Protein chains: 2
Amino acid sequence: MGNIYDVRTYEPSHSIGYLMTRVKVEMLAALDRELAADPHLSALGVTSAQFIVLVRLVGTSNRKSATDLCKELSYDAGAMTRMIDRLEKKGLVRRMRCMQDRRLIYLEATDEGRAAYPRMLEMSVAVQNRFLRGLEQEDARRLKDYLTRMLNNAG
Amino acid sequence: MGNIYDVRTYEPSHSIGYLMTRVKVEMLAALDRELAADPHLSALGVTSAQFIVLVRLVGTSNRKSATDLCKELSYDAGAMTRMIDRLEKKGLVRRMRCMQDRRLIYLEATDEGRAAYPRMLEMSVAVQNRFLRGLEQEDARRLKDYLTRMLNNAG
DNA sequence: GTACAATGTCGGCCTAGGCAGATATATACA
DNA sequence: TGTATATATCTGCCTAGGCCGACATTGTAC
């Protein structure tokens, strides 16, 4: 009842799942190209994946641990450790052991990381606007609504 | 003119790009869980990424090369070589050198690969229907339209 | 025919994520 | 107190994709 797809008529190459994967790949690839083309950011060698993590650290005032980021981004803990390693090596992020709870390590964007933030945000907005070209605000609202509902169906 | 996002009000964590990435991750993770839970398919150790490639080989009658698949799926050639290696090692795919053009290698699903196909398709449909629960056919049509238009904006 | 460009595959090297197990720390409880 | 459990991070091993260069093969220009 109410199923969108039926096995007998389902065509993988036209499915919403397939399209969504393609769009996601193309959007991140476009963002990577923008990042690589920017004079300042290309020197840092920041990738779209690193960008997404960095945004979470700069765009908030309260301190965050690796676990916090993992929860926000549905990220694997092991992957996050290595991601922080790369960001730290590039001087964009600092690790600071918490003295109250010594299991915890708070993460903080460095001045350099914070300085790169505005330009990164511009790029993110530009890329998304380009992909959403031709859509009205009402369309974007609906699309966001669909995606949110799908995400709720995941759990 | 007509831009959806503005840098001054943009919130990364509520953006369509962020949501789409999340939904994609959750959908593939759900598919991986289904694949791992199935008695027959778990023995093959097929992942969602391998599934997507396999679908393209089984779901068509004409012969395909690695390059053909790369074009269809916007896939990297080097990555495809290694993907085929894994599928071949699992006995799901065969490589066959073309005699007319000896640069070409045609790919073919084995009987085992073909046998696994129907069950895989069922899972794909089931997972997508679950994520689309609560959406009407008209909603799905709109969503697909939005994604298609975004994909066209990529090029 | 030879030189050059184009094509298809492959292999390293990088980033990247998932999973399982190890370690250190903190907390709850008998 | 001692013990079990939970939490946070880290490490090793796997799959996985992007980029670049190597290599063989084919097609094209001269």
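So you know, we letter chains A, B, ... as the sequences are listed, proteins then strands, and number each from 1. Computed from a predicted model, the values in this text were never measured in an experiment.
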Less than 3.5 Å between a donor and an acceptor, one on the side chain of B:Arg103 and one on the base of D:dG27, is that the case here?
no

Between C1' of D:dC23 and CZ of B:Arg97, the distance in whole Å:
11 Å

Between C:dT9, D:dA16, C:dA16, which nucleotide has the shortest distance from any of its atoms to the side chain of B:Ala66?
C:dT9

Find which nucleotide of DNA chain D each of B:Lys89 and B:Ser74 is nearest to by heavy atoms, and output the residue with the more 5' nucleotide.
B:Lys89

Hey, is the side chain of B:Thr67 poking within less than 4.0 Å of OP1 or OP2 on C:dT9, counting only N and O atoms?
yes

Atom-pair distance (CG on B:Leu31; P on D:dA16), nearest Å
12 Å

Is any side-chain heavy atom of A:Glu26 closer than 4.5 Å to one of A:Phe131?
yes

Can you find a side chain N or O atom of B:Gln50 that sits less than 4.0 Å from OP1 or OP2 on D:dA16?
yes

Considering every strand and a 4.0 Å limit on heavy-atom distances, what is the contact class for B:Arg95: base, sugar-phosphate, or nothing?
sugar-phosphate

Check the distance between D:dG18's C1' and B:Lys71's NZ and give it to me in whole angstrom.
18 Å

Starting at the 5' end of DNA chain C, which residue's closest nucleotide do you reach first, A:Arg86 or B:Ile105?
B:Ile105

Flag side-chain contact, heavy atom, 4.5 Å: A:Leu107 against A:Ile84
yes

To the nearest angstrom, the CG-P distance between B:Asp101 and D:dG27 comes to 6 Å

Calculate the interatomic distance between B:Asp76 atom CG and C:dG11 atom P; express it in whole Å.
14 Å

Please determine whether any donor N or O and acceptor N or O are separated by less than 3.5 Å between the side chain of B:Arg82 and the base of D:dG18.
yes

Considering every strand and a 4.0 Å limit on heavy-atom distances, what is the contact class for B:Thr81: base, sugar-phosphate, or nothing?
base

By nearest-heavy-atom nucleotide on DNA chain C, the more 5' of B:Gly78 and B:Arg33 is B:Gly78

So, are B:Arg141 and B:Asp145 salt-bridged, with charged N and O less than 4.0 Å apart?
no

Polar pair under 3.5 Å, donor/acceptor by atom type, side chain B:Arg102, base D:dG27
no

With a distance cut-off below 6.0 Å to the six-membered ring centre and an angular limit of 45° from the axis, does A:Arg133 pair with B:Tyr5 as a cation-pi contact?
no

B:Glu108 and side chain to side chain donor-acceptor pair (under 3.5 Å): which single residue from B:Arg114, B:Arg94, B:Lys64, B:Arg95 fits?
B:Arg94

Send over the distance from B:Leu104 CG to D:dT26 P, rounded to a whole Å.
10 Å

Which whole-number value in Å describes the distance from A:Met83 CE to C:dG18 C1'?
14 Å

NZ of A:Lys64 versus P of D:dA8: gap in Å, rounded?
15 Å

